[in-house]
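The first residue of the sequence shown is numbered 1, and numbering continues consecutively from there. The shown structure was predicted, so the numbers you read here are calculated from the model rather than taken from an experiment. First listed ligand is number 1; within each ligand, the first listed atom is number 1.
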Amino acid sequence: MLTFNDPKKLQAWSRLRRSKGEKIALIPTMGYLHEGHLSLIALAKKKGAKQIVVSVFVNPVQFGPNEDYDRYPRDEKADFAKCRKAGATAIFFPTPKNMYLDGHSTFVNEESLSQGLCGARRPGHFRGVCTVVAKLFNIVHPHFAVFGQKDYQQAQVIKRMVRDLNFDVEIALAPIVREETGLARSSRNTYLSDVERHDALAISESLFALRRKVRKLGKLPATAVEKEIAGHLVKNDLKPDYVEAVDAETLAKTDTVKPGTAVLVAAYCGNTRLIDNIVL
Ligand code: PAF
């Protein structure tokens, strides 16, 4: 597996691989890799990529001033070993300095899907995500890029950016990977104490219960669903940031929860903000 730090070197390598007709996949990550990330590599393999490039970059511009940029978990050595074992062919560890050159002043803003949900609570977050993902697309010029459905809003925003800006890349989405308990895998789970880890199960529990209910009843009023999930979270010592039923593609709020609706949750478990979702 090759290691790159310099965007220009990766760009030149990728251009050469592409010119040889090799199919290139990009997996953008912030590192501290877990089973969820490894499932993205597995999907890239399954889709026939000859070159699988994993980028590991804790992107400063997608964090707000009071967020966890400084303490976000990092372990380059472990990430390298996991990528190699999973079959990635290149790993990209850029630095904030070589990704954002002095005087960097160009950003990408998606102005619709990024407005609500996490976008409303984390101003500037999706501007940072779109900017770094656009840069990665230009550096790697992959045939396709793989993202996880756990960051549901992010995936929709990136799909929209790709459509609107005519990026020559296919976006593939991989299902949420959960621990045996149901907890959605996330690098931020490492912040949780044992008690918090237990409390956090209320999120997936309430989403699975909703799925059972929708299977049985077909349709439910969104306000009642949102209230019930938020109540279950509070009962388990979580602080809901939002619980919203939305159209799975436009992310517009919906009155009725039915098959095809996406229900997105963000909640604080102690100081840790967790997200999860279900598409019914
Ligand atoms: O989902 C993430 O880990 C990040 O938001 C991403 C897509 C790698 C951009 O920094």
Step through it carefully: locate the ring centre of Phe167, locate the ring centre of Phe137, and say whether they are under 6.0 Å apart. yes

Which atoms of ligand 1 sit under 4.0 Å from any heavy atom of [X]?
{"X": "Pro28", "answer": "8 (C)"}
{"X": "Val132", "answer": "9 (C), 10 (O)"}
{"X": "Thr29", "answer": "8 (C)"}
{"X": "Gln62", "answer": "4 (C), 5 (O), 9 (C), 10 (O)"}

Rounded distance (nearest 0.5 Å) linking atom CG of Leu233 with atom CD of Glu205: 9.5 Å

Output the distance between atom CD1 (Ile139) and atom CE (Met99), rounded to the nearest 0.5 Å. 4.0 Å

Identity and separation of the nearest protein heavy atom to atom 3 (O) of ligand 1: Met30 CG, 3.5 Å

Going by distance alone, is a donor N or O of one side chain under 3.5 Å from an acceptor N or O of the other, for Asn59 and Tyr72? no

Take Glu170 and Lys159 through the salt bridge (charged side-chain N to carboxylate O under 4.0 Å, His left out) test and state the conclusion after the steps. CA-CA 9 Å; Glu170 178 206 334; Lys159 278 188 354 197; over 6 Å; no

Answer yes or no: does an N/O atom from Gln154 fall short of 3.5 Å to an N/O atom of ligand 1? yes

